[in-house]
Colleague: 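Got a structure for you, questions after.
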Amino acid sequence: MIGYKFIISSIGIKKECCMSGIRVRFAPSPTGYLHVGGARTALFNWLMARKHGGVFILRIEDTDVERSTSESVDAILQGMEWLGLDWDEGPFYQSANFPLYKDYVQKLVDLDKAYRCYCTADELEARRELAMREGRKPKYDGRCRTLTEQPGDRPFVVRFRAPQDGSTSFDDQIKGTITFPNEELDDLIIQRSDGTPTYNFCVVIDDAVMRITHVIRGDDHVNNTPRQILLYQALGFPVPLFAHVPMILGADKARLSKRHGATSVIAYRDMGLLPEALVNYLVRLGWSHGDQEIFSREEMIASFDIAQVGRSASVFNPDKLLWLNAHYIKTGDPQRLAGLLAPFLAERGADPSAGGPQLAAVVKTLQERARTLIEMAEGALFYYLAPEAYDETAMAKFEKGHLLAVYATVAERLATTSARTAAEFDALLKDLCAEKGWKMPQLGQPLRIALSGGTQAPGIGEIIETLGSAETVRRVHRALEHASTC
RNA sequence: GUCCCCUUCGUCUAGCCCGGCCCAGGACACCGCCCUUUCACGGCGGCGACACCGGUUCAAAUCCGGUAGGGGACGCCA
């Protein structure tokens, strides 16, 4: 009876990678961008699938037509792709399955496991408030449960007839066994008065129909779980395993939000973060493998275990993220980094393709000095845009005569040298110092200012090698002129 | 209010299930020293925690009970 296209394809597409039979899904609601919390949940699901050779499904929970937007869907997909969290099936849209949900609602009604409720939203709201004021649980009082006559054409919702005694428990893969007394659970609405199904009902149907084996999601869903289990049972579906991952907090221990800085995954990309750094950071937030801090994708997949995820919420620490990013910049492939860096340089008015040193060579001189691609771009700028002004305070530390002598000597020596590598240039400069009786800083600093404009830059030898001696000599001449006119 | 969950350095965490190796280990941040032609990188060292109270035990971060604090849920949102 379940003949919908996505279901058939979900069975057919990836037969070869279903060896373990594990099927997990990431099911965001498209009401905003992909934030770090969601990204971590997606990552844990992805790791679960990859580790066990299972299937990772992406499902968009857009049953709330009011709040869902296609822009959000795009933003989420973009975030997932950037992080390298590839999915095997989907994206599926719940909004495409409304007829399916309707069938199941009808099935429950036919079984007398669901009933029509004619209470209006306003009435419900008023009763909830009253109950709260009187210190009672604000749950539905069940007054339409036993209605015998159907009051004509008044609008109604459909409620699930939940058991009123006993208890429902599940063995959470992260938190352990959790038990709820059924009397805490009320008859939840499974179909709105406009005929659309509600979230708690859709997830159950979709997870069952997609044969999800492990539901890994945020722990704000813990309270929904017993209700959903009751639905599984009422419909005769096998109940999946659940794992509720604790949430991510801001530095003030409040739920992570915009005022804590960036929460969107894409914002981190724009801040010059590498996806592997964010992924590494996220996987270690709430999970660990002994003392290991750095994880390649393969290592992550090999060592990840959902049961080892911590039970308590964790605070997002931007400093540590930055440290990881610095690590991945330091150890990254210069060619790849160059490609990622280019747009940041363009934003700053530099165009490596129009001449100047090879960007990858520039990157090499900056890898140990940049924690983000933005910092790297700032540091790389001088290679492509010769300094138009010099750090005068730094320059003022040397006498005019000394500066003129340094620049003249260096220009002269560089014009005739056969040195090509950073080490050779450094040796040449060292010899020069010995010859002239200068200390290295007396030579290095003025030269650095001449080449980069400031005092914070890669090693002199590296700069000269990267810039080339011709351009170096040009810049030294320009500095010489500048020094002689002040 | 009711229910559910959580609690090791400022932060992420190891250890906890299977008590002794833990007067608690690693990492980020911070501080100091070293390296050094700037800035960084790196190296070395320092600071710094078992929420609290009881119980069990020869022995408890680890087991049991309670207290406090924090969070989440209680929607015709997801």
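Order of the sequence lines sets the chain letters (A, B, ...), proteins ahead of strands, with each chain counted from 1.
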Colleague: Can you tell me if A/R128 touches the phosphate of B/rG75, counting only side-chain N or O atoms and a distance under 4.0 Å to OP1 or OP2?
Modeller: yes
Colleague: Answer whether the closest heavy-atom distance between the side chains of A/F44 and A/H214 falls below 4.5 Å.
Modeller: no
Colleague: Between B/rU37, B/rU13, B/rA78, which nucleotide has the shortest distance from any of its atoms to the side chain of A/R284?
Modeller: B/rU13
Colleague: Using only side-chain N and O atoms of A/S314, determine if any of them is under 4.0 Å from OP1 or OP2 of B/rU13.
Modeller: yes
Colleague: Using the P atoms only, state how far B/rU36 lies from B/rA61, rounded to an integer number of Å.
Modeller: 46 Å
Colleague: Let me know which of A/T225, A/T41, A/D219 forms a side-chain hydrogen bond (donor to acceptor under 3.5 Å, both in side chains) with A/H244.
Modeller: A/T225
Colleague: Go through B/rU11, B/rC76, B/rU38 for me and flag the one nearest to the A/N317 side chain.
Modeller: B/rU11
Colleague: Counting side-chain heavy atoms from C-beta on, which of B/rA78, B/rA14, B/rU37 comes nearest to A/Q445?
Modeller: B/rU37
Colleague: Consider the side chain of A/Y199, meaning its heavy atoms from C-beta on, and name the nucleotide among B/rC12, B/rU37, B/rA78 that approaches it most closely.
Modeller: B/rA78
Colleague: Is A/D62 side chain donor-acceptor paired with the B/rA78 base, going by distance under 3.5 Å alone?
Modeller: no
Colleague: Pick the P atom in B/rU67 and in B/rU2, then give their distance to the nearest Å.
Modeller: 13 Å
Colleague: Cation-pi check for A/Y115 against A/R159: NZ or CZ below 6.0 Å from the six-membered ring centre and within 45 degrees of the axis, yes or no?
Modeller: no
Colleague: If you find the nucleotide of RNA chain B closest to A/A251 and the one closest to A/D291, which residue's nucleotide is nearer the 5' end?
Modeller: A/A251
Colleague: Given the P atoms of B/rC28 and B/rG71, what is the spacing between them in whole Å?
Modeller: 30 Å
Colleague: Quick check: closest heavy atoms across A/E471 and A/A386, and the distance to 0.1 Å?
Modeller: OE2-CB, 4.3 Å
Colleague: Does A/K253 make a side-chain N or O approach to OP1 or OP2 of B/rG69 shorter than 4.0 Å?
Modeller: no
Colleague: What integer number of Å spans the C1' atoms of B/rC17 and B/rC33?
Modeller: 43 Å
Colleague: If you only use heavy atoms from C-beta on, which nucleotide in B/rC76, B/rG71, B/rG26 is closest to the side chain of A/E293?
Modeller: B/rG26
Colleague: For B/rG25 versus B/rG45, give the span between their P atoms, rounded off to a whole number of Å.
Modeller: 13 Å
Colleague: According to a strict under-4.0 Å criterion, is A/S288 in side-chain N/O contact with OP1 or OP2 of B/rA14?
Modeller: yes
Colleague: Please give the distance between the C1' atoms of B/rA49 and B/rU7 as a whole number of Å.
Modeller: 12 Å
Colleague: Do the side chains of A/R413 and A/E435 get close enough for a salt bridge, i.e. N-O under 4.0 angstrom?
Modeller: yes
Colleague: In terms of side-chain heavy atoms of A/R159, which of B/rC76, B/rC28, B/rC4 is nearest?
Modeller: B/rC76
Colleague: Closest-nucleotide mapping onto RNA chain B: is A/Q308 or A/L249 further toward the 5' terminus? I mean the 5' end.
Modeller: A/Q308
Colleague: Please determine, for the side chain of A/K320, which listed nucleotide (B/rU38, B/rG26, B/rC76) has the closest atom?
Modeller: B/rG26
Colleague: Using the C1' atom in both, what is the distance from B/rC63 to B/rU57, to the nearest Å?
Modeller: 10 Å
Colleague: Less than 4.0 Å between a side-chain N and a carboxylate O, is that true for A/E125 and A/R127?
Modeller: no
Colleague: In whole angstrom, give me the gap between the P atoms of B/rC9 and B/rC3.
Modeller: 29 Å
Colleague: Measure from the side chain of A/V157, starting at C-beta and using heavy atoms only, and say which of B/rC39, B/rU37, B/rC76 lies closest.
Modeller: B/rC76
Colleague: Of the candidate nucleotides B/rG72, B/rC41, B/rU11, which contains the atom at the shortest distance from the side chain of A/N223?
Modeller: B/rG72
